[in-house]
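Heads up, the thing below is written out as structure tokens.
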Amino acid sequence: MALEAAFAKMNGLGNAIIVADMRGRADRVSPEAARALNADPATRFDQIMAIHDPRVAGTHNYIEILNSDGSQAQACGNGTRCVVQALAAETGQKVFTFQTVAGILNAEEHEDGLISVDMGKPRFGWQDIPLAEEFRDTRMIELQVGPIDAPVLHSPSVASMGNPHAIFWVEGDVSDYDLPRFGPLLENHPIFPERANISIAQVTADDALTLRTWERGAGLTRACGSAACAAAVSAARTGRTGRHVTVTVPGGPLDILWREDDHVIMTGPAEWEFSGRFDPASGAWERETEGAA
Ligand SMILES: N[C@@H](CCC[C@H](N)C(=O)O)C(=O)O
């Protein structure tokens, strides 16, 4: 069996990413391959970012995103930074335009190595999230977990960055909440017909919040870039913060700017770990380099 596609194991603030080079190929990374790669501790990941040849004029590549359960995702902020770093190292190019299911994304690697991604415009309509029933005000919807008379989490804001997010606001430390228990219940709640990424957020200043996320299709991760964007715009639209914030996730800080033109700009690092080759159909793989220094 030819392991004919290259990949790089990377991370974005600890969000485990596999960047798969599918350029020049007509096939796709299969959900079975994703689940097989995730089952191997050496290649366990949160998302696969599959780089394909461009499909529309004016873009460098089409990027397909798979979660570790094999489901397709529309957006992945941390993964997009990893793609930029990998392509910049290969080509010397610093500015990129990608097509994703969520739309056209522009991205740039800066001189200091940080990478900015224009994650596009947030969507707040209940049908855009999507929700299974109408909510006129998505800054706070009726959803809770825990005892009816004393809910543990309640009244989340919901937003889409091309993928669905619910953000529960808490006063205390986000690590004090049993997200591994509540996350899957909420991810699969019938109010979310496409499931949802579930975050707990604590506002710590007018320009800062901390965040912890149970990701749709991937579970508890050390960082979720699109969740950081969804939390930042939700904090601003509920009057909790301004439009330029630092969102600190377990893996570190992300800079999120909700521009006056409604675009959300996320800036943060990416890290290469090791490279290899794999079979996009089965997920069989072999390492080609040792790990990052
Ligand atoms: N970790 C990603 C989000 C990946 C997709 C998400 N799990 C979903 O299914 O929507 C990020 O950094 O945005």
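We count ligands from 1, going down the list as the structure has it; atoms in each ligand are counted the same way.
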*If you draw a 6.0 Å radius around CZ in Arg259, do more than 12 non-hydrogen atoms from other residues or ligands fall strictly inside?*
yes

*Is Leu143 isolated, or which residues cluster with it under the ILVMFWY side-chain rule of less than 4.5 Å, directly or via members?*
Trp126, Ile129, Leu131, Phe135, Ile141, Val145, Val152, Leu153, Val158, Phe168, Val170, Val174, Tyr177, Leu179, Phe182, Leu186, Ile191, Phe192, Ile198, Ile200, Trp214, Leu220

Any N or O of [X] closer than 3.5 Å to N or O of ligand 1:
X	value
Gly225	yes
Gly79	no
Gln74	no

State if [X] counts as touching ligand 1 under the rule of any non-hydrogen atom under 4.0 Å.
X	result
Asn15	yes
Gly217	no
Asp46	no

_I need the single residue from Arg55, Arg23, Arg28 that forms a salt bridge (Lys or Arg N to Asp or Glu O under 4.0 Å) with Glu64. Which is it?_
Arg28

[atom]: which protein heavy atom is closest, and how many Å away?
atom	value
atom 6 (C) of ligand 1	Asn197 OD1, 3.2 Å
atom 2 (C) of ligand 1	Cys76 SG, 3.4 Å
atom 3 (C) of ligand 1	Glu215 OE1, 3.3 Å

Which atoms of ligand 1 have any heavy atom of [X] under 4.0 Å away?
X	value
Ala75	3 (C), 4 (C), 5 (C)
Ala73	5 (C), 8 (C), 9 (O)
Asn163	5 (C), 6 (C), 8 (C), 10 (O)

*State, with a plain yes or no, whether a side-chain heavy atom of Ser157 is found less than 4.5 Å away from one of Trp169.*
yes

_Taking the side chain as everything from C-beta on, heavy atoms only, tell me whether Leu37 gets closer than 4.5 Å to Trp285._
yes

Determine whether the side chain, the backbone, both or neither of [X] has a heavy atom under 4.0 Å from any heavy atom of ligand 1.
X	result
Ser226	both
Ser71	neither
Gln47	side chain
Asn67	side chain
Ile65	neither

*asked:* Membership question, hydrophobic clusters at under 4.5 Å side-chain separation (ILVMFWY): are Ile167 and Val203 in the same one?
replied: yes

_Membership question, hydrophobic clusters at under 4.5 Å side-chain separation (ILVMFWY): are Val117 and Leu114 in the same one?_
no

*Do the charged groups of Glu260 and Arg243 touch, with an N to O distance under 4.0 Å?*
yes

_Pair Thr138-Arg237, side-chain contact (heavy atoms from CB on, under 4.5 Å): steps then yes or no_ = CA-CA 10 Å; Thr138 54; Arg237 72 191 288 251; 3.2 Å; yes

*Mark yes or no: Arg277 above the aromatic ring of Phe7, with NZ or CZ under 6.0 Å from the six-membered ring centre and no more than 45 degrees from the axis.*
no

*Does anything in residues 127-136 pair up under side-chain hydrogen bond (donor to acceptor under 3.5 Å, both in side chains), and if so which pairs, sequence neighbours excluded?*
none

